**Student:** 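Shown below is the structure under consideration.
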There are 2 protein chains.
Amino acid sequence: MGIAERKERDKEELRERILIAAKTLFLEKGVEKTSIRNIADLIEYSPGSIYHYFKDKNEIFHSLHQGGFQQLMSRMEVLAKVSNPMERLKRMGAIYVDFALENPDMYDLMFIKEAPMDHVYNSNDEQWKEGFGTFNFLRATIQECIQAGHFRGHEEEALSFLVWSTVHGMVSLHIRRRCEVVLAQRQDTIVKDGLSEFFTILDRLSL
Amino acid sequence: MGIAERKERDKEELRERILIAAKTLFLEKGVEKTSIRNIADLIEYSPGSIYHYFKDKNEIFHSLHQGGFQQLMSRMEVLAKVSNPMERLKRMGAIYVDFALENPDMYDLMFIKEAPMDHVYNSNDEQWKEGFGTFNFLRATIQECIQAGHFRGHEEEALSFLVWSTVHGMVSLHIRRRCEVVLAQRQDTIVKDGLSEFFTILDRLSL
DNA sequence: AAAATAAATGAACACTGTTTAAAATAAAAA
DNA sequence: TTTTTATTTTAAACAGTGTTCATTTATTTT
């Protein structure tokens with residue numbers, strides 16, 4: 001009965017090759033400008049054959065996007081060892097920004113892109129609950145900060161939203177290229193610089 | 001000599017009709033999914049004729065994009081009367097958020113939607129840079145705040161980017177409905193609440 | 001009325017995502 | 001081994017895209 005299993009493995013392998021090719025091209029020239037024919041060319045198969053492994057182009061995005069939340073969550077795991085909540089909060093922000101800058105297309109799919117990904121957020125997708133978990137982790141950390149005497153006068157939920165918004169705002173303006181004209185001469189460092197300004201503010205709020 | 005002028009007016013009128021049709025469709029189904037043929041159908045002209053009034057699709061987007069900035073800029077004009085820079089900064093944030101919440105589609109077009117036109121951001125279009133006058137106004141205001149003794153230890157440009165990012169982050173997460181799952185019970189107020197948390201932080205940084 | 005000018009058109013080109021009937025290949029059964 | 005069955009891959013086709021351009025249509029000038 002090893003033949004059926006080998007066939008299954010072969011099929012899974014080609015599926016994986018499609019995903020790798022798609023990811024390569026998405027990162028190289030963007031999702032919209034990558035065609036099914038481009039992907040097919042790269043793996044040396046016909047365009048039609050891709051539709052044997054994925055329903056459509058969106059399903060390829062979705063498949064890659066699932067991996068995205070898993071990646072982000074696994075990056076956050078090192079924070080379990082950071083006992084100081086303020087330190088944890090800052091390192092959380094750094095991990096979030098790093099992830100976004102290193103995987104802009106993935107981040108785009110996860111937090112910026114609209115319509116075709118709506119079903120992801122309405123479904124009981126396990127990976128989405130992972131993302132939900134990330135925000136709850138932020139809230140818990142901020143709650144700890146408050147209990148430790150920081151952020152006096154602030155409300156936990158709204159402050160958590162504000163913190164999330166701040167890092168999301170920076171990386172999404174960068175990813176959608178809204179700071180290129182306005183901050184042309186320091187495109188590469190502006191997000192990191194903004195983050196360090198944010199850390200300065202957080203430190204000042206701790207006193 | 002009134003004939004030439006009438007022709008000029010007619011031409012300008014058709015140009016305007018193209019823009020209105022494009023705006024309608026862009027906001028309705030997105031820039032990428034709106035075709036030149038769609039626009040032509042709506043104004044009951046042939047697709048080719050649109051190229052008599054705009055170099056390409058990018059130029060149509062560009063034109064609408066600028067109009068949005070002009071709108072936002074005109075709302076900011078009342079701030080000229082606010083002499084206290086910290087007060088001006090806060091009211092600027094409120095105007096920005098209000099504009100975004102009242103015109104989510106236009107905001108989407110201006111700051112969130114994928115901007116397919118590379119040449120726009122790479123060009124040294126003077127008029128385009130005018131569109132970003134709002135950001136320069138923010139920078140000037142923060143510069144004034146620093147000169148008045150606020151934001152000690154902060155760097156003006158990076159801080160300006162951070163402030164912009166914070167308000168952009170909140171409204172864009174709201175517009176793209178990323179807080180619905182995570183903050184289901186206070187969708188309607190979370191942006192305003194987040195902004196008020198932000199104001200609290202700004203006040204604390206003034207001391 | 002004829003000539004010159006400007007505007008609008010529709011067909012064509014090279015792309016896109018996706019579907020599908022047919023062909024090639026591999027596996028199972030005779 | 002040969003035939004039948006199932007699967008995988010393909011090429012062609014469909015309907016769409018942005019854009020170009022020769023041709024037609026309408027308007028203005030002579």
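Side chains included, hydrogens not; waters and symmetry mates left out as well; all remaining heavy atoms used. Because the structure is a prediction, the values reported are computed rather than measured.
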**Student:** Which angle, to the nearest 10 degrees, lies between the helix axes at the two ends of the helix from C:dA1-D:dT30 to C:dA30-D:dT1, each defined by five pairs?
**Tutor:** 30°
**Student:** Atom CD of residue position B:Gln147 - does it have more than 12 heavy atoms of other residues, nucleotides or ligands inside 6.0 Å?
**Tutor:** yes
**Student:** Extract all donor-acceptor atom pairs below 3.5 Å that involve side chains of residues 69-80 of chain B and protein atoms in other chains or at least two apart in sequence.
**Tutor:**
{"unit_1": "B:Ser74", "atom_1": "OG", "unit_2": "B:Gln71", "atom_2": "O", "d": "2.9"}
{"unit_1": "B:Arg75", "atom_1": "NH1", "unit_2": "B:Glu102", "atom_2": "OE1", "d": "3.2"}
{"unit_1": "B:Arg75", "atom_1": "NH2", "unit_2": "B:Glu102", "atom_2": "OE1", "d": "3.0"}

**Student:** Could you state the atom-to-atom distance from CD1 of B:Ile39 to P of C:dA8 in whole Å?
**Tutor:** 16 Å
**Student:** Identify, with sequence neighbours excluded, every residue that meets salt bridge (Lys or Arg N to Asp or Glu O under 4.0 Å) alongside A:Lys57.
**Tutor:** none
**Student:** To the nearest angstrom, how far is B:Ile60 atom CD1 from D:dT17 atom P?
**Tutor:** 14 Å
**Student:** With sequence neighbours left out, what residues match B:Glu87 under salt bridge (Lys or Arg N to Asp or Glu O under 4.0 Å)?
**Tutor:** none
**Student:** Can you run down the ring pair (Phe, Tyr, Trp, His ring centres under 6.0 Å) pairs that involve residues 24-45 of chain A, sequence neighbours left out, and say none if there aren't any?
**Tutor:** A:Phe26-A:Phe61
**Student:** Quick one: A:Tyr53 OH to C:dT18 P, roughly how many Å, whole number?
**Tutor:** 18 Å
**Student:** Listed by chain and number, what are the side chain to side chain donor-acceptor pair (under 3.5 Å) partners of A:Thr189, not counting sequence neighbours?
**Tutor:** A:Asp193
**Student:** When the side chains of residues 91-98 of chain B are checked against the rest of the protein, which donor-acceptor pairs come out under 3.5 Å, sequence neighbours left out?
**Tutor:**
{"unit_1": "B:Tyr96", "atom_1": "OH", "unit_2": "B:Tyr107", "atom_2": "OH", "d": "2.7"}
{"unit_1": "B:Tyr96", "atom_1": "OH", "unit_2": "B:Trp164", "atom_2": "NE1", "d": "3.0"}
{"unit_1": "B:Asp98", "atom_1": "OD1", "unit_2": "B:Lys192", "atom_2": "NZ", "d": "2.6"}

**Student:** Without decimals, in angstroms, what is the distance between B:Ile50 CD1 and C:dA7 P?
**Tutor:** 16 Å
**Student:** Which residue pairs satisfy the salt bridge (charged side-chain N to carboxylate O under 4.0 Å, His left out) criterion with at least one member in residues 133-147 of chain B, sequence neighbours excluded?
**Tutor:** B:Arg88-B:Glu144, B:Arg139-B:Glu156, B:Arg139-B:Glu157
**Student:** CZ of B:Arg15 versus P of C:dA8: gap in Å, rounded?
**Tutor:** 14 Å
**Student:** What is the distance from CD1 of B:Ile43 to P of C:dA7, rounded to the nearest Å?
**Tutor:** 15 Å
**Student:** Distance check: side-chain N/O of A:Ser46 vs OP1/OP2 of D:dT9, anything under 4.0 Å?
**Tutor:** no
**Student:** Separation of A:Asp41 atom CG from C:dG17 atom P, in whole Å?
**Tutor:** 11 Å
**Student:** Using only side-chain N and O atoms of A:Tyr45, determine if any of them is under 4.0 Å from OP1 or OP2 of D:dT8.
**Tutor:** no
**Student:** Just to be sure I understand the rule, does A:Phe54 reach a base, reach only the sugar-phosphate, or reach nothing, if contact means heavy atoms closer than 4.0 Å?
**Tutor:** nothing
**Student:** Is the count of non-hydrogen atoms from other residues, nucleotides or ligands lying under 6.0 Å from A:Lys90 atom NZ greater than 12?
**Tutor:** yes
**Student:** Considering just the side-chain nitrogens and oxygens of B:Asn38, establish if one lies under 4.0 Å of OP1 or OP2 belonging to D:dT17.
**Tutor:** yes
**Student:** Nucleotide by nucleotide, 5' to 3', does protein get under 4.0 Å of the base (B), only the sugar-phosphate (S), or neither (-) in nucleotides 19-25 of chain D, counting heavy atoms?
**Tutor:** BB-----
**Student:** Find the distance B:Leu14:CG to C:dA6:P and express it as a whole number of Å.
**Tutor:** 17 Å
